[in-house]
Protein chains: 2
Amino acid sequence: MKAAPEREVDRSISQTVKAQLALRDQILSGSLRPGERISELQAVETTGASRTPVRMALVRLEEEGLLEGIPSGGFMVKAFSERDISDSIELRGTLEGLAARFAAERGVSARELEPLKECLAAIDELLSQVPISIEAFSSYVTLNARFHAVLTELSRSPPLIRQIDRASALPFASPSGFVMAQSALPEAQQILIIGQEHHRVVIDAIENREGARAEAIMREHARLAVRNLRLALRNRTHLDLLPALALIKTATD
Amino acid sequence: MKAAPEREVDRSISQTVKAQLALRDQILSGSLRPGERISELQAVETTGASRTPVRMALVRLEEEGLLEGIPSGGFMVKAFSERDISDSIELRGTLEGLAARFAAERGVSARELEPLKECLAAIDELLSQVPISIEAFSSYVTLNARFHAVLTELSRSPPLIRQIDRASALPFASPSGFVMAQSALPEAQQILIIGQEHHRVVIDAIENREGARAEAIMREHARLAVRNLRLALRNRTHLDLLPALALIKTATD
DNA sequence: TGTATGCGTTATGTATACAATAACGGAGAG
DNA sequence: CTCTCCGTTATTGTATACATAACGCATACA
C-alpha cells in the first residue's frame, strides 16, 4: 500500500464536470476578467483536475459561449457589449415564442398545463406581498425559471429545446438572469406583475390553441426584459444582483 | 537521427481539427450509423490522431449536435426524426427572420446590400436556364448558402450570428441542406424560383427598413422548405442528393 | 433450465510526459 | 536611441501510460 497519494482526487464526480463547474464559477464570479487569457496550468491548480479534463471543460465552455478560442492557441474569457446582452435576451424570447407556438399548435393536455398553472399560482402568492421580501424574490427567480423551462418542454421539439438551453447558457440571457436585472429597478415589483400577466396570457393562448398569440406574448415578454435591462444599466443601481455582470465589456472596443 | 517515426503526422493542420473533420465525414457519409456507439480506439485508427485530440473532437461534435453523450460513458451518433428535421429548418428560419428584422431596423447601407444583390443576380442568371443543369444547380447551392450567410451577417448581432451558425450545423437544417431536399422534387426549378422571389422581397424590405416584413418573408421562406422536405420524404425520389440522410431515424421510436 | 454471481476483458476517464510553437526579452547594429 | 534578430522560456498541442468502471460470458446453484 502506498504511503500517500500524490494528488487528492474527489471520486464522487467526474473530473471533467468538476473542472467545468469550477471554471464557470470563476468566470461568473469575476475572478477571471473578460478578455483575460485562461492559463491551463493555472486552471489545473485551481480546479484540482489534471490537464485532460480541464481541456475538455474549456472546450465545453467555449461551445457554451463563455469562452473564446484564441487563434494562436488557448482560450480567453469572452466579453459582451450591452447590445450583445439585449440581443441575447431578445433571441431567447424569439425562441421561446416559437416554443409557445409549437405547444399551442400541437396541442397540450390539461394535465400537462398543470405544472405551469402551479408556477403561476405560486408566483401570484409571492407577489401579493407588498413590498416583496428578499426571500420571496429568490423564490420568484426559481419559480420563473421553472415556468420558462416547463413551457419550453411543452413544445415537444428536442432541437428547439436544445437551442433554447444553449441560448440560456449565457447567464444574463437566462430567465433568472433577466429577472435579476429587473430587480435592480425600484419599480421591480410592478415589472414582475406585468411579467406575470404575460405568463397568464401565454397559458390561455396555449389552452385555446392560438399559436400566433402565444408566440407574440412571449416575444413581448422578452422585449419587456430588454427595456428594463437598459433602464437598470442606465441607473446602475443594485447591479450587484445581476449575475455575470463581470462579463460586460466596460472598456471601449 | 531516428530511422523511422512510429506514426505519420500531418503537421499542416491541427490534429484536433483533422479528427473533427474526419469524424464528421464518417457520420455524414453514413459510415457510422445513427444510434451507433463510437469507439475511441476505432476513431483513433481511422483518423490518424491520438486519443486526446480525438476526444476533443468528440466533445465538439457533441456540442455541434451530431453526437450524443452516453451516460455510462462515450458517445453515439445522434438520430433524428422527420419532425426533428422540419423543426430544425423552421428554427433556422425563425432565427434568420430575426436577423433580417435586425438588419432592416438597424439600417444597412446600399454598399452592404451589394453582395446580396450580386447573389440575387447570379442566381437569376442560373435559373433562366430551362431545364437547369447539374452544374448550375451546384452553383445555386453555393450562391444560396452565401446569400443566407451574408444576410445573417447584416444583423450585426454576434450572438444571433453565432446561434444561426449553430442551428445550421445540422446538415439538413443548413441552407444548402434544404436546397438539396428541394432538388429531390420534379418541380425543383419552380420551387427555386419561388425561393428567389423571397430573396428579392427580403432585400426590398431591408432597403425600406420594414423589419416586420423582412422577418415574415424569411419565416415563410423556411416554411416553404419544410413543406418541400415533407413532400420529398414522401416521394423518396432522388433522396441520395440530401446530405446526411443517414442521420434520419428509420426505425420506430 | 433459468438466474445470479464472479471473474476477465475491453473501453473510457485521468494523469503525465514529451514536442512544438509562440511570446518575450536581451543584445547588437544601424 | 531604436529597431531587428536571435535565443530562451513558458504554454499549448499531442501522445501515451495507467486506473477504473462497465460489459459479457461462463459457471454454479436453485
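In the text below, chain A, chain B and the rest are named by the order of the sequence lines, each starting its count at 1.
- A donor-acceptor contact shorter than 3.5 Å links the side chain of A:Gln163 to the backbone of B:Gln163.
- No hydrogens or angles were tested; on distance alone, nothing pairs the side chain of A:Ser39 with the base of D:dT12 as donor and acceptor under 3.5 Å.
- Spacing between atom CG of A:Leu41 and atom P of C:dA23 amounts to 18 Å, rounded to whole angstrom units.
- Annotation: salt bridge (charged side-chain N to carboxylate O under 4.0 Å, His left out) contacts of A:Glu40 (sequence neighbours excluded): A:Arg51, A:Arg55.
- Here A:Arg51 does not reach the OP1 or OP2 of C:dT16: none of its side-chain N or O atoms lies under 4.0 Å away.
- Every salt bridge (charged side-chain N to carboxylate O under 4.0 Å, His left out) that A:Glu62 has, sequence neighbours left out, goes to B:Arg60.
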Inset, instruction - Start with the C-alpha gap between B:Asp84 and B:Ser81, add the side-chain angles, then the distance that decides, and say whether side chain to side chain contact (heavy atoms under 4.5 Å, CB included) holds. - result: CA-CA 5 Å; B:Asp84 288 341; B:Ser81 70; 3.2 Å; yes
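- Put simply, B:Thr16 has a side-chain N or O that comes within less than 4.0 Å of OP1 or OP2 on D:dT14.
- The stretch residues 56-75 of chain A touches DNA chain D through A:Gly73, A:Gly74, each having a heavy atom under 4.0 angstrom from the strand.
- Around the CZ atom of A:Arg156, the shell of radius 6.0 Å holds no more than 12 heavy atoms that belong to other residues, nucleotides or ligands.
- Within 6.0 Å of CZ in A:Arg106 there are more than 12 heavy atoms belonging to other residues, nucleotides or ligands.
- Look at B:Arg55 and you'll find a side-chain N or O under 4.0 angstrom from OP1 or OP2 of C:dG13.
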